[in-house]
Amino acid sequence: MIKDLSQFVNQEVTLKGWLYNKRSSGKVKFVILRDGTGLLQCVYFKGNVTDEVFELADSLGQESAIEVTGKVKVEPRASGGFELDAYGLKLISESHNYPITPKEHGVEYLMDHRHLWLRSTKQTAILRIRHRLVKAIRDFFDNCGFTLMDPPILTPAACEGTSTLFETNYFDLGKAYLTQSGQLYAEAGAMALGKVYTFGPTFRAEKSKTRRHLTEFWMVEPEVAFADLNNDMDLAEEFLEYIVQTVLKDKEEELKILERDTTLLKNVKKPLPRISYDEAVDILMKNQIEFEYGNDLGGTDETVISNQFDRPVMVHHYPAEVKAFYMKRDPQNDKFALAVDVLAPEGYGEIIGGSQREDNYETLLSRIKEHNLPQEAFEWYLDLRRYGSVPHSGFGLGLERTVAWVCGLDHVRETIPFPRLIYRNTP
RNA sequence: UCCGCGAUAGCUCAAUGGUGGAGCAUUCGGCUGUUAACCGAAGGGUUGCAGGUUCGAGCCCUGCUCGCGGAGCCA
């Protein structure tokens with residue numbers, strides 16, 4: 001593979017891949033090979049190679065699948081530091097009029113050709129960082145005694161009762177919905193295994209049209225028995241530090257390709273600042289932001305607040321009214337929910353939302369009624385409070401928002417191979 | 001659902017109400033060290049759709065379609 005070439009200097013190698021680009025200067029052809037691990041400039045001199053090979057090099061279209069043979073040379077003039085003094089060239093399969101040229105393209109056009117756009121340097125860097133992030137997330141929880149538990153994707157009712165969900169017919173049982181969160185099921189898991197996490201796709205049918213929204217996205221949701229809100233925040237900051245520092249350490253090359261300024265990412269270390277909703281509102285007031293006390297924080301509010309800090313900030317104790325029914329209220333003041341949102345810096349907004357859960361049967365039942373939720377569908381959830389209920393907490397981290405933040409992208413649509421947006425479900 | 005912006009060559013974009021252009025891509029020619037190579041030439045258009053105003057509309061007006069950004073909702 002191209003990434004391993006430093007071990008093969010002055011040796012003959014044969015590599016398979018695709019033609020990324022080519023340049024020519026009469027009797028010299030520069031063929032840039034792409035193999036998924038990097039780029040390699042292959043040099044063909046007329047006279048050093050057969051006429052057939054030279055003509056073939058001349059006729060290749062962008063993204064032709066090829067096999068090249070030559071000697072690896074240290075070459076400061078080539079990007080990457082190595083090049084191939086090439087003499088062999090085989091065509092595996094042709095490519096002509098490749099739709100994505102080395103010049104500029106609009107996002108809409110690139111998204112129409114997403115299946116091909118994925119081959120480009122920037123996109124492969126993003127996909128590798130996404131992969132590393134996913135692995136870091138799994139490693140963190142696996143090493144902390146969590147058990148992975150997969151929740152169902154088809155669910156009988158809304159988890160939180162607020163979002164609009166994708167609906168489908170489920171045989172004779174009526175409607176089923178695509179899950180918007182695995183959390184309620186994770187709570188059942190926490191009562192069985194102590195510490196669990198779910199990690200899978202979730203769906204929202206909201207007509208959200210912003211750079212932070214997808215209709216299908218991935219979320220990781222840890223849930224811990226015998227944990228209160230403070231334990232939850234402790235876990236969140238340790239978790240964030242681990243996954244961000246891991247990517248910084250292992251994906252330096254990819255972050256460089258993306259021209260990511262990693263100054264602020266390096267600050268992602270515990271302790272993260274913790275402020276209450278009231279303190280957050282004070283910050284808004286000091287910055288002359290128009291804001292009605294009691295409302296949830298909007299996108300611009302989050303940006304103003306997070307700009308006050310040099311690392312992610314945790315905002316806790318939100319007004320209970322703007323939060324989900326299952327969140328436990330503060331025993332000191334039941335106007336507030338024991339909830340926490342983690343806001344990423346640089347305007348990336350909420351990447352984590354979590355809370356301590358209501359563990360009292362009577363209270364939870366009355367919340368379900370207040371929110372006009374179908375009690376029958378939540379009987380199993382109420383059982384968790386009937387049989388050995390304990391304080392427990394958890395949070396959800398949006399993978400795509402995290403990838404966008406770490407990569408410094410201005411839209412989550414580039415963080416997932418095939419994004420699903422309200423006006424796009426292809427390719 | 002609401003607010004704002006946009007749609008012109010395969011792509012990215014120009015064009016004062018008066019003969020629709022450029023760069024890249026494609027094809028052909030030139031160049032023995034190119035770095036989104038460069039130089040020369042050629043082909044390439046129902047200006048998103050439907051109406052209207054005007055002697056004349058890519059440009060002005062109305063409606064529609066599609067897209068982008070934001071709000072709300074949320075991770």
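At the heavy-atom level, L214(A) lies under 4.0 Å from base atoms of the strands shown.
Taking atom CZ on F166(A) and atom C1' on C73(B), their separation rounds to 14 Å, with Å as the unit. Spacing between atom CG of L110(A) and atom P of C24(B) amounts to 19 Å, rounded to whole angstrom units. Rounded to whole angstrom, the span from the OH atom of Y20(A) across to the C1' atom of A36(B) amounts to 9 Å. Here the P atom of nucleotide C74(B) and the CG atom of L165(A) are 12 Å apart, to the nearest Å. Across the protein-nucleic acid pair, F45(A) atom CZ and U34(B) atom P stand 11 Å apart, rounded to whole Å. As rounded to whole Å, 11 Å separates atom C1' of G4(B) from atom NZ of K209(A). The interatomic distance linking E83(A) (CD) with U34(B) (P) rounds to 12 Å, in whole Å. R212(A) has its CZ atom 12 Å from the P atom of A75(B), to the nearest Å.
Look at E206(A) and R204(A) and you find no salt bridge, because none of the NZ, NE, NH1 or NH2 atoms lies under 4.0 Å from a carboxylate O.
Nucleotides C3(B) and G72(B) have their P atoms positioned 16 Å apart, rounded to a whole Å. Nucleotides U53(B) and C61(B) are separated by 15 Å at their P atoms, to the nearest Å.
Between K27(A) and F45(A) there is no side-chain heavy-atom pair separated by less than 4.5 Å.
Using modelled atom types and a 3.5 Å distance limit, the side chains of T303(A) and Y348(A) yield no donor-acceptor pair. Checking S355(A) against R357(A) by side-chain atom types alone, a donor-acceptor pair falls below 3.5 Å. When only modelled atom types and interatomic distance are considered, D142(A) and Y197(A) share a side-chain donor-acceptor pair under 3.5 Å. With 3.5 Å as the limit, one finds no donor-acceptor pair spanning the side chains of D278(A) and S276(A).
Contacts of E370(A) classified as side chain to side chain contact (heavy atoms under 4.5 Å, CB included), with partners at least two apart in sequence or in another chain: R329(A), S366(A), R367(A). When the salt bridge (Lys or Arg N to Asp or Glu O under 4.0 Å) test is applied to R211(A), no partner is found at least two apart in sequence or on another chain. With sequence neighbours excluded, the residues forming a side chain to side chain contact (heavy atoms under 4.5 Å, CB included) with T215(A) are F166(A), R420(A), I422(A), listed by chain and number.
Remark: RNA chain B takes part in the stems B:1-7 with B:65-71, B:10-13 with B:21-24, B:26-30 with B:38-42, B:48-52 with B:60-64, each of 3 or more antiparallel Watson-Crick or G-U pairs, criterion distances under 3.5 Å.
Between R413(A) and G67(B) there is no side-chain N or O to OP1 or OP2 distance below 4.0 Å.
Judged by the 6.0 Å distance and 45° axis criteria, K29(A) is not positioned over the aromatic ring of Y44(A).
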Check nucleotides 9-13 of chain B against the protein and report each pair of N or O atoms closer than 3.5 Å, with its distance, or say if there are none.
unit_1 : atom_1 : unit_2  : atom_2 : d
C11(B) : O2'    : E104(A) : O      : 3.0
C11(B) : O2'    : H105(A) : ND1    : 2.6
U12(B) : OP1    : G106(A) : N      : 3.0
U12(B) : O2'    : E104(A) : OE1    : 3.4

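Residues from residues 22-36 of chain A placing a heavy atom under 4.0 Å of any atom in RNA chain B, listed by number, are R23(A), S24(A), S25(A), G26(A), K27(A), V28(A), F30(A).
Residue side chain Y423(A) fails the stacking definition with respect to G67(B), as its ring centre and the base's six-membered ring centre are not both under 5.5 angstrom apart and under 30 degrees in plane angle.
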